[in-house]
Enquirer: 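First the structure, which I've put down as structure tokens, then a few questions once you've had a look.
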There are 2 protein chains.
Amino acid sequence: MKQNQKYQYEYERPALVTDCVIFGFDEGELKLLLIEREKEPFKNKWALPGGFVFMNETTEECAKRILMEKAGVKNVFIEQLFTFSDLDRDPRERIISVAYFALVDKKQYEVIAGRDTLNAEWFEISKLPKLAFDHNKIVKAAFQRLKGKVSYQPIGFELLDEKFTLTQLQALYEAILEEPIDKRNFRKKILGMGFLKALEEKEKNVAHKAARFYSFDKKAYKELTQKGIHFEL
Amino acid sequence: MKQNQKYQYEYERPALVTDCVIFGFDEGELKLLLIEREKEPFKNKWALPGGFVFMNETTEECAKRILMEKAGVKNVFIEQLFTFSDLDRDPRERIISVAYFALVDKKQYEVIAGRDTLNAEWFEISKLPKLAFDHNKIVKAAFQRLKGKVSYQPIGFELLDEKFTLTQLQALYEAILEEPIDKRNFRKKILGMGFLKALEEKEKNVAHKAARFYSFDKKAYKELTQKGIHFEL
DNA sequence: TATCTTAGTGTTAATTTTACACTATAAAAA
DNA sequence: TTTTTATAGTGTAAAATTAACACTAAGATA
């Protein structure tokens, strides 16, 4: 705190952490990766992975570090959500949390995740337990943000495998928007956008007509946005 | 920092401030209220009003306090914008800023503002000087947010007098969206929403046909949103 | 009383959205 | 090998929304 004196402020400083809401998608369900707390307060309760912001990192770098250290997740989409600063959000002392949310391809994550020492588990978003701190509130805000954003930014793809079928994509949108979508209209619209690349490959070993795989064509999307064309589902 | 030891973290803490982007609207132009810095760094440069977050207030309460103390603005719409945490955003030391933006009825503000000791001035958003710190970046983010939000949330009214004409409202939307809007289509749409109350009163002392005043009917708007009806311009 | 300036108003064509049902194909079961 | 089961994949028509567009009304001033 010494430096403070330089400009005459001598305030006590709140502690600063980041907490991460990690979304995954699996079996038609939107899921959340939670960590079991090992210490008080809220020992053995489920919580968002989080940790203190160091002096030599931005909050976003901190969130990425936490994601890796506590959840074994790396190289994923993350976005700042909101800063939560209620006075009593932590029973120990004043702690302000800059919350982030991450979208991960759950399948890929499971490969990496073995290394984990912490107890981490996926929960269906609709069946969350009561979480530590104000984390239920943070999750709610994150879900709302995801819901609001998915229709005009191509962030849904971050939750799917690189190759996906249109049925999977539709199921994802239905899970996030919490409402059914007409199959034909959905396909017409999303293919009409022009940023889905149809692959040759099809599903294998399915007990019905095999669906074609598609991938998200980042280059095509970028070109569209540069032309001022924005997608809207 | 003593409490930290309780749970074994002994980190230095970044300082935490809030900065406020204050929007106003006047003469068909979107404007920003800036404060001239009295001290180094950036002495005599224009900056967003900001200040340290105290231990006994949330960041939102802090923003409201700053708004009052530094800009004489109170009881206005404010919303959290983003938390800026670049390592070098302040040359003195590590300072993280939780930015807010406020929408004020400029006319009403000017009545209150006389009391000011700080040098505060309104700038056209399109003619901003180079600001202190990373404040140009913050302003840019705020304007983008306002632009994105104004079409599906009735926040524009916060920038107008309680009574306003449809022409004023349209000019506001045009200033925020930075594109011309068709008069007839605009009126049809906005009146069709059902949350504008036509008043009896009309303009006075104008050298042309006097325009009718309208006001934003909060109650009607609330009822609509509760029915799940959301407006979209 | 003419002029200037902005308020206020409706219709039509184009586009977008919605609603809706059957055939194709692969594996599994009979 | 044939039948069954399950999901993939496809088009059209009606309805709703959006976009484009120009003149009359009213109040103040010259």
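As the structure is a computational prediction, the values presented were derived from the model and not from experiment. Chain letters run A, B, ... following the sequence lines, proteins first, then strands; residues in each count from 1.
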Enquirer: Can we call the ring centroids of A:Phe157 and A:Phe164 under 6.0 Å apart?
Expert: yes
Enquirer: Measuring to OP1 and OP2 of C:dT6, would you say a side-chain N or O of B:Thr167 lies under 4.0 angstrom away?
Expert: no
Enquirer: Which is it for A:Thr167 and A:Arg187 under the side-chain hydrogen bond (donor to acceptor under 3.5 Å, both in side chains) test, yes or no, and what are the steps along the way?
Expert: CA-CA 9 Å; A:Thr167 301; A:Arg187 286 168 179 238; 3.3 Å; yes
Enquirer: Is there a side chain to side chain contact (heavy atoms under 4.5 Å, CB included) between B:Val150 and B:Tyr173? Walk through the geometry before answering.
Expert: CA-CA 8 Å; B:Val150 79; B:Tyr173 272 89; 3.8 Å; yes
Enquirer: Would you say the rings of B:Phe84 and B:Phe82 are close, in the sense that their centroids are separated by under 6.0 Å?
Expert: yes
Enquirer: A:Asn205 CG to C:dA26 C1': how many Å, rounded?
Expert: 10 Å
Enquirer: To the nearest angstrom, how far is A:Leu169 atom CG from D:dA8 atom P?
Expert: 12 Å
Enquirer: Would you kindly give the CD-to-C1' distance between A:Glu232 and D:dT17, to the nearest whole Å?
Expert: 14 Å
Enquirer: Answer yes or no: does atom CD of A:Glu124 have more than 12 heavy-atom neighbours from other residues, nucleotides or ligands under 6.0 Å?
Expert: yes
Enquirer: Please report, rounded to the nearest Å, how far the P atom of D:dA26 is from the NZ atom of B:Lys204.
Expert: 18 Å
Enquirer: Can you check whether B:Glu60's main-chain N or O pairs, donor with acceptor, with B:Tyr100's side chain at less than 3.5 Å?
Expert: yes
Enquirer: Whole-Å distance between C:dT6 P and B:Gln170 CD?
Expert: 14 Å
Enquirer: Enumerate the protein-to-nucleotides 2-6 of chain D contacts in which both atoms are nitrogen or oxygen and the separation is below 3.5 Å.
Expert:
none

Enquirer: With the threshold set at under 4.0 Å for non-hydrogen atoms, list the residues of residues 175-191 of chain B touching DNA chain C in residue-number order.
Expert: B:Lys183, B:Arg184, B:Arg187, B:Lys188
Enquirer: Send over the distance from B:Lys202 NZ to D:dA25 P, rounded to a whole Å.
Expert: 14 Å
Enquirer: Just how far, in rounded Å, is P of C:dA7 from CZ of B:Phe164?
Expert: 14 Å
Enquirer: If a pair means Watson-Crick or G-U wobble with both distances below 3.5 Å, what does DNA chain D look like in dot-bracket form, with | marking bases paired to a different strand?
Expert: ||||||||||||||||||||||||||||||
Enquirer: For residues B:Leu128 and B:Ile125, report the shortest heavy-atom separation together with the two atoms involved.
Expert: CG-O, 3.5 Å
Enquirer: C:dA24 P sits how many Å from A:Glu203 CD, rounded?
Expert: 20 Å
Enquirer: Do the rings of A:Phe123 and A:Trp46 sit parallel, tilted or perpendicular, given the 30° and 60° boundaries?
Expert: perpendicular
